[in-house]
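To find a chain, count down the sequence lines: A is the first, B the second, and so on, and within it residues start at 1. From a predicted model like this one, the values you see are computed outputs, not experimental measurements. Basis for what follows: all heavy atoms, side chains included, without hydrogens, waters or symmetry-related copies.
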Amino acid sequence: MAVDGIFDGLPADIFSQNRWNRGIEEAIQKSSENLRLGKFDVNSKKEIFTIDTPPPYPSGRPWHLGAVAHYSKIDIMARVERMLGKEVLFPVGMDRNGLPVEKYTEKKHGVSMRDTPREEFIELCRQSLDELETEMIDILKTIGYSADFDNIYRTDSPEYRALTQATFIEQWNKGRVYKGHRPSNYCVDCGTTIADAEIEYKELKTRLVYIKFKIGGDTITVATTRPELLGACKALIVNPDDDRYTPFIGKEAVTPLYGASVKVVAHPSAKPEFGSGVVMVCSYGDYNDVMLFRELGLEETILIGTDGKMNKDAGKDIEGLLVEEARKKMVGILKEKGLLEKSENVAHRTPMCDRSKTPIEIIPMEEYYLKTIDLKDELNKLIDDLNFVTKQHKQILTDWLKVSTDWPISRRRYYGTEIPVWYCKECGEPYVPVPGEYYRPWKENPPGNPVCKKCSKSSFVGDVRTFDTWMDSSVSALFVTKYRKDEKFSGRTYPTSLRIQGVDIIRTWLNYSIVRCYQLTGKLPWRDVYVDGVGLDEHGEKMAKSKGNGVDPMPLIDEYSADAFRFWAASEASPGSNFLYSEMKVIAANKFLTKLWNVARLVNSFGNIEMGSEPKKLEDSDRWIIAETKKVVNDCRDSYSRYNLFTASNKMREFVWNVFAPHYIELVKGRAYGDGFSADEKTAALYTLNYVLKSIVKLLAPITPSVSEIIWLKNYSDESVHSQVIEQEKLEEGDEKYMSLGAAIMEFDKNVWNAKKEKKLSLKSEIDIEIPKGLGEVEKDLRSMHNIKA
RNA sequence: GGGCCCAUGGUCUAGCGGUUAUGACGUCUGCUUGACGUGCAGAAGGUCGGGAGUUCAAAUCUCCCUGGACCCACCA
């Protein structure tokens with residue numbers, strides 16, 4: 001069959017290979033790229049389907065198998081929608097802002113960001129990103145990702161950053177942004193404030209030290225894990241029901257070494273059973289301190305600088321020391337002076353920076369905040385309209401909405417979208433430019449030489465900070481739908497149809513996208529949300545770069561093919577469930593494709609046949625498998641339309657492997673070869689074999705694009721399988737009857753096989769066995785199949 | 001402490017009121033059957049975590065318990 005254009009370069013004798021393998025796949029992949037499935041026509045008459053896909057973050061190699069499986073599923077879903085007859089906007093982007101690449105670059109070049117000129121550091125980051133990105137794009141192409149690679153978007157491009165800034169400016173102008181000076185999560189290692197969502201907790205061993213405070217003529221013992229903050233202690237709290245300390249309530253204690261007077265206050269957050277039952281409240285050891293300072297109206301004294309070292313207010317003994325060092329030294333001093341009662345080991349749940357894995361400090365900083373708290377109720381109601389395909393994950397979002405606070409959006413970093421704000425050098429009044437351009441206040445003057453609207457001077461200094469990277473990615477749905485750029489396009493594509501993402505970024509990407517897009521457009525950014533589970537290693541533990549248990553998918557794909565990998569990804573876990581990696585499962589997927597390949601080889605060996613119309617007469621066995629096929633098509637189509645790749649893929653595997661190949665094909669093999677059958681009977685068998693294969697290959701095309709395409713082009717059409725539409729099949733009246741006939745055939749087959757096994761006969765040897773009455777219509781086929789004595 | 005999810009043969013997994021409890025991998029036995037030995041056929045292997053209840057009927061619904069995972073708060 002002619003296969004010009006799409007199918008150049010594929011060997012004519014491809015079916016001489018008896019196994020599905022990566023080599024065959026590579027040949028077809030090259031020609032498949034010419035199809036450019038990713039292109040999108042906004043004027044299409046078809047229903048438009050827009051996918052808001054996660055732009056992957058190039059933060060280091062290798063790209064984990066879990067992530068690649070995730071993108072495989074995303075691609076399958078895009079292909080499914082195309083084959084359900086929709087015009088699909090399937091963008092591919094790269095998330096290239098923020099801390100991870102800065103960390104990667106610092107490590108790679110052995111430099112420190114703050115000791116490198118900003119321009120130079122940015123350039124180094126860009127190089128790292130370009131290298132990592134190239135690899136990732138290669139991987140995406142290898143797995144057959146069918147997005148629009150001619151228009152890859154990058155969140156660090158001037159266009160994208162201009163959108164991040166424009167949307168910020170819109171929100172600023174709406175009064176949604178404010179600057180707050182408040183205790184912030186500060187990561188010393190990263191040198192920046194981070195959001196609550198970027199914190200993870202880890203049990204770390206630490207010393208709980210018991211320090212003696214003087215109170216009147218008495219002493220009271222305070223247990224603390226942060227003795228270095230003794231100089232910041234502003235109050236002691238005890239539980240109101242703790243009889244040991246009730247006499248002290250309201251009295252003034254004196255901090256050792258520092259000699260400050262601090263009041264003893266009753267507060268329920270002091271647990272009598274922990275430590276000594278007396279807690280020192282200092283600025284700031286933990287969140288409880290923050291809360292108590294606010295509640296008790298205490299004045300903070302900050303002892304830790306942004307360099308992670310103790311400042312001069314900490315006193316000369318520990319000034320200049322790192323927090324850890326200061327802690328040890330302080331314990332030594334207290335011991336020496338007899339102020340230490342005792343100390344013990346405890347496990348302490350420590351807040352750590354998600355990115356640098358070092359403990360954070362709570363330090364007051366002035367940062368930009370985006371208001372979100374006032375929208376909580378509204379958002380809570382709103383997300384009821386969001387269709388969570390994976391219902392089990394909705395709760396994570398609602399829980400988070402309950403406890404989340406306003407979002408600190410500024411970061412003291414270099415490689416990120418700049419905050420487009422300048423300040424008047426004279427009076428400090430902020431100047432925010434018009435939205436639309438990409439601004440870099442740290443190196444540029446404000447555009448058009450504006451004058452300060454307060455003091456009319458025209459000398460400005462730019463803010464040197466950047467945005468939290470989620471400020472960029474939270475508008476991905478707006479960027480891909482050309483928000484602020486092309487009204488018609490955006491009108492047709494926004495809100496988008498589907499957001500697909502991982503369960504690990506619900507608090508961040510999902511939440512922030514809703515917050516931002518809703519504030520900007522008044523609409524939720526998507527109709528459906530599919531939250532995918534995470535990839536687990538063989539032991540059921542989450543794969544993570546930090547754990548070093550990530551598996552590189554490429555050797556696996558080289559060995560077993562991308563289609564096998566994709567089939568595995570689709571068939572491994574039900575929607576939203578975590579999936580466990582096992583090479584055996586990928587091998588099994590590859591075996592299935594080999595099975596399909598061999599079915600195709602067999603069918604192909606009878607020559608191409610015209611599929612236009614049914615032959616004059618179909619045998620009952622033919623009618624059975626056709627009915628069965630239609631049911632499979634409808635079931636899978638239904639699963640597909642609900643984004644359930646798991647059910648669809650497993651159903652197909654089961655049908656091909658356990659019904660079609662062993663029962664139907666074996667049943668009609670003799671008829672297909674024509675031995676002892678009429679021409680019409682033979683034609684019916686060939687027609688049916690092709691009918692089933694064609695249906696299955698088409699149905700499988702979104703999951704296994706390469707093997708499907710080859711079989712399709714070889715046997716059925718000049719036109720790609722990927723431009724076909726999977727239609728609903730109409731079941732006919734007799735179909736039920738034929739399906740029960742099929743069940744009887746399969747039952748009978750088993751009986752014969754068992755009988756031959758018992759009699760130690762080979763499967764092809766003749767046997768004398770009675771064919772049940774109900775199988776009269778297929779007697780001829782059965783006799784041929786099992787070599788039953790006449 | 002609050003919430004959420006999970007528990008099915010050796011492993012993973014489907015089923016979610018009536019099934020001989022699904023499939024894959026693994027194990028064992030046999031077989032060159034006109035495509036596939038990375039195959040075919042057969043077999044072994046499960047008291048569906050434990051207990052109670054609802055029901056004519058429960059792996060499936062309810063409650064309790066146990067054991068895991070995750071999220072949130074708190075831990076001086």
Without decimals, in angstroms, what is the distance between [X] [atom1] and [N] [atom2]?
X	N	atom1	atom2	result
A:Met584	B:U27	CE	P	8 Å
A:Ile587	B:C36	CD1	P	21 Å
A:Phe748	B:A41	CZ	P	16 Å

- Flag as yes if A:Tyr673 stacks onto the base of B:G34 (centroids under 5.5 Å, planes under 30°), otherwise no. yes
- So, for A:Ala326 and A:Met310, which heavy atoms are closest and what is the spacing to 0.1 Å? CB-CG, 3.4 Å
- Query: If every non-hydrogen atom of A:Pro408 is compared with every non-hydrogen atom of A:Ile194, which pair is closest and at what distance?
  - Reply: CG-O, 4.4 Å
- Separation between the P atoms of B:U66 and B:C71, rounded to whole Å: 23 Å
- Message: In whole Å, measure the gap between the C1' atoms of B:G15 and B:C48 for me.
- Response: 10 Å
- Item | Side-chain touch A:Thr629/A:Tyr664, heavy atoms, less than 4.5 angstrom | no
Mind checking [X] for me? I need base, sugar-phosphate or nothing, with any heavy atom below 4.0 Å counting as a touch.
X	value
A:Glu572	sugar-phosphate
A:Ser605	nothing
A:Asn650	nothing
A:Phe15	nothing
A:Asn590	base
A:Asp289	nothing

- The single option from A:Arg22, A:Lys591, A:Glu583 that satisfies side chain to side chain donor-acceptor pair (under 3.5 Å) with A:Tyr560 is A:Glu583
- Item | Watson-Crick or G-U stems involving RNA chain B, each at least 3 pairs long, distances under 3.5 Å, ordered by first number | B:1-3 with B:70-72, B:5-7 with B:66-68, B:10-12 with B:23-25, B:27-31 with B:39-43, B:49-53 with B:61-65
- Please tell me which of the listed nucleotides, B:G30, B:A43, B:G26, lies nearest to the side chain of A:Lys591? B:G26
- Query: Should A:Asn578 be listed as having a side-chain N or O under 4.0 Å from OP1 or OP2 of B:C5?
  - Reply: no
- Query: Any side-chain N or O of A:Lys760 under 4.0 Å from OP1/OP2 of B:G42?
  - Reply: no
- More than 12 heavy atoms of other groups within 6.0 Å of A:Lys328 NZ: no
